[in-house]
Amino acid sequence: MTLIEELKQRGFIHQCTNEKALSDMLNSESIKFYIGFDCTAKSLHVGSLIQIMIMRLFQKYGHHPIVLIGKGTTKIGDPSGKDETRKILSSKDIDINASNLEKVFNKFLNFQSNNKAILSDNSLWLNKLNYINFLRDYGKHFTINKMLSFDSVKIRLEREQSLSFVEFNYMIFQAYDFFELNERNECILQIGGSDQWGNIVNGIELIRRSIGKESFGLTTPLLTNANGDKMGKTADGAIWLNEEFFSSYDYWQFWRNIDDRDVFRFLKLFTDLPLDEIKKIESDSKDDINLAKIILANHATTLLHGKDAASKAKKTAQDTFSGNIISENLPKISLLEKEFKQPVYIYDLIVKIGFSNSKSEARKLIRGHGVKLNQSVVKDELDELLLEDVSDNKAMISVGKKKHFIVEVNQ
RNA sequence: GGAGGGGUGCCCGAGUGGUUAAAGGGGACGGGCUGUAAACCCGUUAGCUAUGCUUACGUUGGUUCGAAUCCAACCCCCUCCA
């Protein structure tokens with residue numbers, strides 16, 4: 001099977017420029033390609049995972065991924081998919097975010113092999129641009145007429161929301177990134193989400209117009225779940241990929257709880273399992289789709305957090321959902337016995353562990369019968385945790401059906 | 001610089017002097033049903049030292065017994081003109 005065939009069967013391709021020529025090239029030589037990641041957030045989230053997985057697959061077929069960290073473009077802010085101006089981040093925050101991103105790429109890509117992945121950063125060239133020279137050399141290749149026709153711009157204008165000149169320039173810089181990578185690293189392909197199509201095509205055209213070379217673009221579908229919602233965001237926030245912001249257990253749970261209709265699509269996108277094996281899983285799990293969800297959760301978690309974390313998460317889930325076993329791996333609060341001289345309010349503990357943002361919220365949860373102490377519903381919002389609730393030094397408090405934590409009491 | 005329109009809770013959006021912590025919708029969370037699913041039904045959706053108190057309708061000040069609502073100044077956004 002060729003790379004393009006596998007990409008298609010797994011559902012990675014949304015649009016592609018000159019597919020025939022690209023496909024021939026991918027089959028005959030090892031190429032360099034890039035995907036850009038801005039560092040506007042403290043971590044990547046699941047929404048970027050499809051981009052990471054496609055890089056992984058390309059690398060498996062012998063191609064060189066270039067991970068372009070957008071330290072330069074982050075200073076501007078991509079208007080695509082945003083209906084309001086982004087906050088301007090300080091250089092320090094950008095650096096912190098960038099290093100968090102790098103940690104994740106290290107898990108998915110190989111930075112050592114022959115066709116090793118390369119990390120690049122567009123502030124290398126963007127920071128030293130000279131405005132006049134830049135406009136003369138590259139600005140002439142862009143027409144306002146065309147720029148105005150881009151969705152990212154059109155939507156802002158239609159909604160009568162302001163689009164600053166700074167943001168308006170984003171697409172030019174992204175096009176220029178491609179040009180620079182083409183010059184520096186012979187990068188001939190840019191991949192991105194479907195919302196990046198316009199920006200990618202701009203880069204291809206800039207390369208063609210300024211130096212007459214052909215380059216390629218490929219977009220992945222915008223990842224939505226079966227309800228059509230953008231993937232990766234929940235009320236608590238995004239499904240972060242860095243463990244310090246989103247635990248491996250929660251990550252496992254995220255995949256375990258995926259919509260039925262998404263399971264096999266996601267197995268193809270987010271695991272390394274061969275396609276025929278996925279087909280087999282599909283027929284094996286006809287009677288119990290939850291088996292397939294567990295496989296998905298195991299594999300997706302293994303890729304990001306490792307095998308141990310995945311099996312630990314699985315075990316924790318089995319323990320907590322199947323019975324009364326209190327799993328060791330749940331989040332924990334430690335208290336001393338003498339602290340029980342003062343009332344230990346259950347709502348306070350819920351806030352402490354981070355399952356609720358305020359005491360009021362925690363109390364409302366209790367009022368709505370959403371909180372359990374050792375499997376039985378807490379009836380009064382002012383109920384305290386008492387020493388007699390603690391057996392074997394432990395008590396378990398549950399918020400909803402899925403969030404649990406342990407209170408450990410020591411002498 | 002001129003003329004006009006606008007800024008309401010997580011988001012959209014109603015409200016033009018009084019039981020308005022603010023209709024309605026969306027989202028999210030909790031409960032029920034289930035399979036840790038979807039759909040559906042119900043509830044919650046500012047904070048706190050909690051049956052009361054404190055914040056809240058761009059900002060600041062004013063009028064009033066009482067303001068998201070009226071007045072003034074300022075800030076920001078949009079449209080048109082220069």
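Every chain is numbered from 1, with letters handed out A, B, ... down the list of sequences.
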For A:K364 and B:G47, is the shortest distance between a side-chain N/O and OP1 or OP2 below 4.0 Å? yes
Short side-chain N/O contact from A:K293 to OP1 or OP2 of B:A38, under 4.0 Å: no
May I have the distance from A:D288 (atom CG) to B:U36 (atom P), rounded to whole angstrom? 10 Å
Does any nucleotide pair with B:U36 by Watson-Crick or G-U wobble geometry, both distances under 3.5 Å, and what is it? none
pair_partner(B:G27), Watson-Crick or wobble, both distances < 3.5 Å, evaluates to B:U45
Determine, for A:D260 against A:K293, whether the closest basic-nitrogen to carboxylate-oxygen distance falls under 4.0 angstrom. yes
Quick one: the side chain of A:E361 and the base of B:U45, do they pair up donor-acceptor inside 3.5 Å? no
Give me the distance, rounded to whole Å, that separates B:A23 from B:U16 when you measure between the P atoms they each carry. 15 Å
If B:A3 has a Watson-Crick or G-U wobble mate with both distances under 3.5 Å, name it; if not, just say none. B:U79
A:I258 CD1 - B:A37 C1' separation (whole Å): 11 Å
P atoms of B:A22 and B:G52, separation to the nearest Å: 15 Å
SB check A:K279 A:D276 (cutoff 4.0 Å): no
Looking at A:F108, does the NZ or CZ of A:R56 lie under 6.0 angstrom from its six-membered ring centre and within 45 degrees of the ring axis? no
For B:U64, which nucleotide is its Watson-Crick or G-U wobble mate, given both distances must be under 3.5 Å? none
If you only use heavy atoms from C-beta on, which nucleotide in B:C29, B:U36, B:C48 is closest to the side chain of A:L365? B:C29
Is A:S360 near enough to B:A46 that one of its side-chain N or O atoms lies under 4.0 angstrom from OP1 or OP2? no
Nucleotide of B:U45, B:A38, B:G31 approaching A:K401 most closely (side-chain heavy atoms): B:G31
In the structure I gave you, are the side-chain heavy atoms of A:Y61 and A:T2 within less than 4.5 Å of one another anywhere? no
Once you apply a heavy-atom cut-off of 4.0 Å, does A:I289 come out as touching a base, just sugar-phosphate, or nothing? base
Partner lookup for B:C74, please. Criteria are Watson-Crick or G-U wobble with both distances under 3.5 angstrom; report none if nothing qualifies. B:G58
Nearest-Å distance once atom C1' is located in both B:G9 and B:U79: 28 Å
Find the partner of B:U51: check Watson-Crick (N1-N3 plus N6-O4 or O6-N4) and G-U wobble (N1-O2, O6-N3) distances, both under 3.5 Å, and reply none if neither fits. none
With a 6.0 Å cut-off on ring centres, are A:F134 and A:F173 close enough? yes
